[in-house]
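Residue numbers start at 1 and run along the sequence shown.
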Amino acid sequence: VNGALAMIVGRLVYAGSKLSLCNHHPNTCLWELCGVDGPPDVEVHCYEPMDKLLRRQRAIQKNLGRHLDGGQLVLYDITSVYFEGEYKASKLVTFGYNRDRKKGREQIVVGLICNRQGCPVGVEVYAGNTKDETTVIDKVREIKRDYGIEKIIFVGDRGMVTRSNVEALKDEEDLQMIGALTHGEMMSLLKEKVIALDLFDERNIHEVVDPAEPSRRYCLCRNPATAKRETATRQRLLDLTATALDAIGAYQRKTTVEKLGARIGKVLAKYKMGKFIQWSIDADKTNPTSAKHRLLWSIDTDKVAREKRFDGCYIISTDVDKTQMNTVEVVTAYKSLTFVERAFRNLKTVQLEIRPVYHKSDDRIRSHVFLCMLAYYLQWHMEQRLAPLFKENGEGENRRWTFRGVIDCLAQITRNRVTVN
């Protein structure tokens, strides 16, 4: 217990390896305050407590479930953590969709459960090739079972609350879900005239009910900042596509229609702007291999304009009854997923630095991730206690306190033995 406590606090204060935390013993009274007398041993005071902590994970998380306030709203999301080096003994560390855009790196997938305020109550480690939606069904049932929750409102992003998962869980008692529709699902509703573009408003949230599925509510929202960003991104990609197609059109050497078409296809696949481009090849029919093959292309401006009207629009879908949560509460609940994103940001980069991971076995990897989650749990509660301090803080050059500044002050606490001649 003493070693586990020292590692949890040490992760928050120093964010280093277990060995570096032990070697830091002469410079800090952390180990002594946690009840470890004398220099700590990495095997006895770190690895053995990690193994014991992993065996207690389910019981600890069940105890943390008290923060769920008897159930109701549960936030859930997953992220990936990439690894460096070889992990041949691990079944968890493998290649998969990397959310950090680190190509060629093996990874694990981490799922985090939080209450509506963002307080973490549970964490799970999956194999690196696990897809978002495949974790949901088991996780929902696990939450209800392990935390003893009777009624649950499960909030997940558009990659989790998919149509197939909703169908698979529709017979689950006392379960309701909040998620967002994909672009394809939104276009289907638009095509079926369940929704209309005029209903998306920057100030007001319009709610629509599908006549074919009366229990399903759709909350139509529009974010002007997102709209501006999406418009700029599309224009940038169209400009890059146009530059590349112009270069292909100006090609003077002999080539075949097939090779020319392959080059065009590669460009359209790279920038994903193919649906806006109309193109054809004016082939030299007298010579299959000729320099006279010409590319003719143009941008479908009408289609671009129609797509632009959809920029910044999103739809939040739920089966929660309107008497239980009104439209604004549903949207607010979905936006609460930013708390989980903030937790991942702190776990991975800002504060706790979950990687690099030096452990090679799956159990030690799971224990390390659990330790980092407990450290974030400590950080979350510290920030609640420090809220009055930050509230009275100045701004700009008069700003004195940050969370990192508080931690740096705590890191300076030492105990020195002075011998006087």
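- Side-chain contact between Ile108 and Val110 is present, with heavy atoms from C-beta onward closer than 4.5 Å.
- Atom-to-atom distance recorded for Leu347:CG and Arg355:CZ is 13.5 Å, nearest 0.5 angstrom.
- Looking at Trp297 and Ile248, their side chains never come closer than 4.5 Å, going by heavy atoms from C-beta outward.
- Summarising the local packing, CD of Gln278 is surrounded by more than 12 heavy atoms from other residues, nucleotides or ligands at distances under 6.0 Å.
- The pair Arg366-Asp51 fails the salt-bridge criterion, with no side-chain N (NZ, NE, NH1 or NH2) lying under 4.0 Å from an Asp/Glu carboxylate O.
- Among Leu64, Leu75, Val121, the one residue that satisfies the side chain to side chain contact (heavy atoms under 4.5 Å, CB included) test with Ile113 is Val121.
- Summarising the local packing, OH of Tyr97 is surrounded by 12 or fewer heavy atoms from other residues, nucleotides or ligands at distances under 6.0 Å.
- Here the straight-line distance linking atom CE of Met325 with atom CD1 of Ile153 works out to 5.0 Å at 0.5 Å rounding.
- Proximity of a side-chain donor or acceptor of Lys360 to a complementary backbone N or O of Glu86 within less than 3.5 Å is detected.
- Across all their heavy atoms, Asn346 and Gln379 have their closest contact at OD1-NE2, 2.9 Å.
- A donor-acceptor pair under 3.5 Å is formed between the side chain of Arg66 and the backbone N or O of Asn63.
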Quiz prompt | Ile299 and Ile277: CA distance, side-chain angles, deciding distance, side-chain contact (heavy atoms from CB on, under 4.5 Å) verdict | solution = CA-CA 5 Å; Ile299 296 176; Ile277 304 297; 3.8 Å; yes
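- Here CG of Leu386 is found 7.0 Å from CZ of Phe403. Values are rounded to the nearest 0.5 Å.
- When side chains are defined from C-beta on, Trp279 counts as touching Leu268, because their heavy atoms get closer than 4.5 Å.
- Between the Asn2 side chain and the Val36 main chain, no donor and acceptor come within less than 3.5 Å of each other.
- Within the 3.5 Å criterion, the main-chain N or O of Glu353 finds a donor-acceptor partner in the side chain of Arg11.
- A distance-only check finds no donor-acceptor pair linking the side chain of Thr318 to the backbone of Arg217 [under 3.5 Å].
- Between Asp100 and Lys348, the closest side-chain pair of non-hydrogen atoms falls below 4.5 Å.
- In this structure, the side chain of Asp362 does not engage the main chain of Ser90 through any donor-acceptor pair within 3.5 Å.
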Quiz item: After noting the C-alpha distance and the side-chain angles of Tyr358 and Leu19, does the key distance pass the side-chain contact (heavy atoms from CB on, under 4.5 Å) rule?
Solution: CA-CA 10 Å; Tyr358 298 100; Leu19 179 60; over 6 Å; no
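- Between Gln61 and Val123, some side-chain heavy-atom pair lies under the 4.5 Å cut-off.
- By the neighbour-count criterion of 12 heavy atoms within 6.0 Å, atom CZ of Arg294 is densely surrounded, having more than that number from other residues, nucleotides or ligands.
- Atom NZ of Lys131 sits in a sparse spot, with 12 or fewer heavy atoms from other residues, nucleotides or ligands closer than 6.0 Å.
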Exercise. Under the salt bridge (Lys or Arg N to Asp or Glu O under 4.0 Å) rule, what do Arg222 and Asp311 come out as? Steps first, then yes or no, please.
Key: CA-CA 8 Å; Arg222 190 172 190 272; Asp311 287 351; over 6 Å; no
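- Between Asp198 and Arg309 there is a side-chain heavy-atom pair separated by less than 4.5 Å.
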Indicate every side-chain donor-acceptor pair of residues 327-334 with a distance under 3.5 Å to a residue at least two apart or in another chain.
from, atom 1, to, atom 2, distance (Å)
Thr327, OG1, Glu207, OE1, 2.4
Glu329, OE1, Asn326, N, 2.9
Thr332, OG1, Val328, O, 2.8

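- The side chain to side chain donor-acceptor pair (under 3.5 Å) test applied to His381 returns Tyr377, not counting sequence neighbours.
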Exercise. Could you walk me through whether Val125 and Val109 pass side-chain contact (heavy atoms from CB on, under 4.5 Å), step by step?
Key: CA-CA 6 Å; Val125 180; Val109 170; over 6 Å; no
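- Counting all heavy atoms, side chain and backbone alike, Ala375 lies closest to Ile8 at CB-O, 3.6 Å.
- Closest approach of His368 and Met50 over heavy atoms only: N-CE, 3.8 Å.
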Quiz item: So Tyr376 and Arg342, side chain to side chain donor-acceptor pair (under 3.5 Å) or not? Walk me through it.
Solution: CA-CA 11 Å; Tyr376 181 70; Arg342 181 179 182 275; 3.2 Å; yes
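- The side-chain tip of Arg263 points at the ring of Tyr251 from less than 6.0 angstrom away and within 45° of straight on.
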Exercise. Might you work through the salt bridge (Lys or Arg N to Asp or Glu O under 4.0 Å) test for Asp408 and Arg404, ending with a clear yes or no?
Key: CA-CA 6 Å; Asp408 289 341; Arg404 183 69 250 178; 3.2 Å; yes
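- A distance of 12.0 Å separates CZ of Arg56 from NZ of Lys52, quoted to the nearest 0.5 Å.
- When all heavy atoms of Leu181 and Met186 are compared, the pair lying nearest together is CB-CG, 3.9 Å.
- Gln57 places no side-chain N or O within donor-acceptor distance of the main-chain N or O of Ser367, the cut-off being under 3.5 Å.
- Residues Val13 and Ala411 approach most closely at CG1-CB, 3.5 Å, considering heavy atoms.
- Here the side chains of Leu112 and Met373 are in contact, with some heavy-atom distance below 4.5 Å.
- Looking at Ile264 and Ile281, their side chains come closer than 4.5 Å, going by heavy atoms from C-beta outward.
- Between His183 and Phe310, the distance separating the two ring centers is shorter than 6.0 angstrom.
- A salt bridge does not link Glu185 to Arg158: none of the charged nitrogens lies less than 4.0 Å from a carboxylate oxygen.
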Practice problem: Evaluate side chain to side chain donor-acceptor pair (under 3.5 Å) for Tyr314 paired with Thr226, printing each intermediate quantity in order. | Solution: CA-CA 10 Å; Tyr314 61 100; Thr226 303; over 6 Å; no
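- Distance CD1/Ile152 to CE/Met177: 9.0 Å, rounded to 0.5 Å.
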Practice problem: Assess whether side-chain contact (heavy atoms from CB on, under 4.5 Å) is satisfied between Arg116 and Val155, documenting all intermediate values. | Solution: CA-CA 9 Å; Arg116 67 168 70 221; Val155 185; over 6 Å; no
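- Across Asp319 and Arg216, no two heavy atoms sit closer than the pair N-NH1, 3.7 Å.
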Quiz prompt | Asp363 vs Ser361, side chain to side chain donor-acceptor pair (under 3.5 Å): CA-CA, chis, key distance, verdict | solution = CA-CA 6 Å; Asp363 282 349; Ser361 69; over 6 Å; no
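- Atom-to-atom distance recorded for Leu175:CG and Phe154:CZ is 8.5 Å, nearest 0.5 angstrom.
- A donor-acceptor contact shorter than 3.5 Å links the side chain of Asn115 to the backbone of His67.
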